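In listed order, ligands and their atoms are each counted from 1. A quick note: this is a predicted structure, and the numbers were derived from the prediction, not measured.
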Amino acid sequence: MKLLIKNIKKLINVRDESPCRPLSGGELGVLPTIDNCYLLIEEGLISDYGTMGECDLQSLENMADKVIDAEGKMVFPSYCDSHTHLVYAGSREIEFMDKIRGLSYQEIARRGGGILNSVELLHNTSEDALYAQAKGRAEEIIAFGTGAVEIKSGYGLTLEDEIKMLRVAKRVDEQTPLTVKTTFLGAHAVPARYAGRKDEYVDEIVREMIPAVAAEGLADYVDIFCEEGFFSVEDSEKIFEAGIKYGMRPKVHANQMSFSGGVQVGVKYGARSVDHLEFTGEAEFEALKGSDTIPTLLPGATFFLEMDFAPARRMIECGLPVAIASNYNPGSCPCGDMKFMMALGCLKMKMFPEEVINAATINGAFAMDVNSSLGSITRGKVANVFVTKEVPSYEFLPYSFSTPLVDTVILNGEIVG
Ligand code: NIG
């Protein structure tokens, strides 16, 4: 299949060479583009691009099986959403009411709500029903322009239910056009059956769950909610050591509600990313400098929980890379719209449009290890792109934060929406 997109007003994030490291500091503010151009897709891959003025349009059109005229429209690489909990059962709008009445996330969790509420809902949902719900969310984010997504477990908290979640995440990979990376998050909360005996639960994760998840090849990463009231730095060390032994690189829910030490322990164990980071300062920046760990910001959760936003500008000034992800989940961010996350990045974290676009595409790709095939318009990369509706500029996307602006979605070189 050969697909030609012609008359593109602006092709976004065009990189002849894919970067070999995540974009850091000032690099984040540089967004390479080409005006008035074409994009050629062959056998699922980006095969060529160039300006309309310099191409032989007739021969391009003759060779193409399909031609899209993108007059007035832009073409972006699909978003790479490197932190989600897309597989979950039901919803938690009842807690939304508690939240409106003034209860905090931790207070709701202490009353048996929060993550444990989703755990019970998931336990009572069959694998097929769970897949049907996840597929609906997958279709929703595809329509928003996402092409690759990381999906965590963590609403099972028993071996059986954690495996059920991860199998569903694998099905999303196999049966939808999304590229999926999976993360084992058994240490998301202490389940009711271990109330007051957290260490014994950590022991079960290390001795039973991690080996069983690895035996089925269900997870690329191992994650933990390193936070007061959830899991500690010491728990993180035990779980990371076990995960690494079984080939799972760490990720961390770090510094979301406090200076938890999550960033430092993540860096110490070579985490692929440390995510959330609302509570970060000089000690965390120092730990991250020179490391291979990507600070990943989840502004949708910060917005929904009405907290202070992560200090993105300071991170960029420190020369750090920054990725942005949606954190789509039923408790702290029931939203998987990466354009809205970019808008929050601009409005609430004072990032510039070039920075949020890079953070949501190429840096998101690094944060889930798909950067060699996704995240930019580069010859030879997988053709995951979206064509916008007619827009005046790329800044219009984060500016016009709720208007649907995706016109056509192309994943793996096929038009899927
Ligand atoms: O990333 N912080 C922990 N986990 C999720 C929220 C999960 C939930 O409340 O269901 C997050 O924000």
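If you look at Arg92 next to ligand 1, the close heavy atoms, those under 4.0 Å, all belong to the side chain.
Of all atoms in ligand 1, listed by their number and element, those nearer than 4.0 Å to a heavy atom of Ile115 are 7 (C), 8 (C), 9 (O), 10 (O). Counting atoms of ligand 1 from 1 in the listed order, those under 4.0 Å from a heavy atom of His276 are 1 (O), 2 (N), 11 (C), 12 (O). Short contacts between ligand 1 and His83, defined as distances under 4.0 Å to a heavy atom of the residue, involve ligand atoms 1 (O).
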All N/O donor-acceptor pairs, side-chain side in residues 287-297, below 3.5 Å, sequence neighbours left out:
residue	atom	partner	partner atom	Å
Lys289	NZ	Glu286	OE2	2.8
Ser291	OG	Leu288	O	2.7
Ser291	OG	Thr293	N	3.2
Asp292	OD2	Arg249	NH2	3.4
Thr293	OG1	Ala271	O	2.7
Thr296	OG1	Ile294	O	3.3

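Just one residue in the list Lys152, Lys251, Arg272 forms a salt bridge (Lys or Arg N to Asp or Glu O under 4.0 Å) with Asp223, and that residue is Lys152.
For Asp16 and Tyr49, the side-chain atoms include at least one donor-acceptor pair closer than 3.5 Å. Using modelled atom types, one finds no donor on one side chain facing an acceptor on the other under 3.5 Å when comparing Asp81 with Thr146.
Using cut-offs of 30° and 60° on the angle between ring planes, the pair His276 and His83 is perpendicular.
Of the N or O atoms in Ser118, none lie within a sub-3.5 Å distance of an N or O in ligand 1.
The closest non-hydrogen atom to atom 6 (C) of ligand 1, taken over Tyr105, Phe230, Tyr88, comes from Tyr105.
Residue contact annotation: His188 has a non-hydrogen atom under 4.0 Å from ligand 1.
In this structure, Asn384 contributes its side chain and Val382 its backbone to no donor-acceptor pair below 3.5 Å.
Among all protein heavy atoms, the one lying closest to atom 10 (O) of ligand 1 is Tyr155 OH, 2.6 Å. When hydrogens are left out, the protein atom nearest atom 2 (N) of ligand 1 is Gln256 OE1, 2.8 Å; that is the closest non-hydrogen contact. Protein heavy atom in closest approach to atom 12 (O) of ligand 1: Ser332 OG, 2.6 Å.
For the pair Lys99 and Phe304, the cation sits on the ring face: its NZ or CZ lies under 6.0 Å from the ring centre, inside 45° of the axis.
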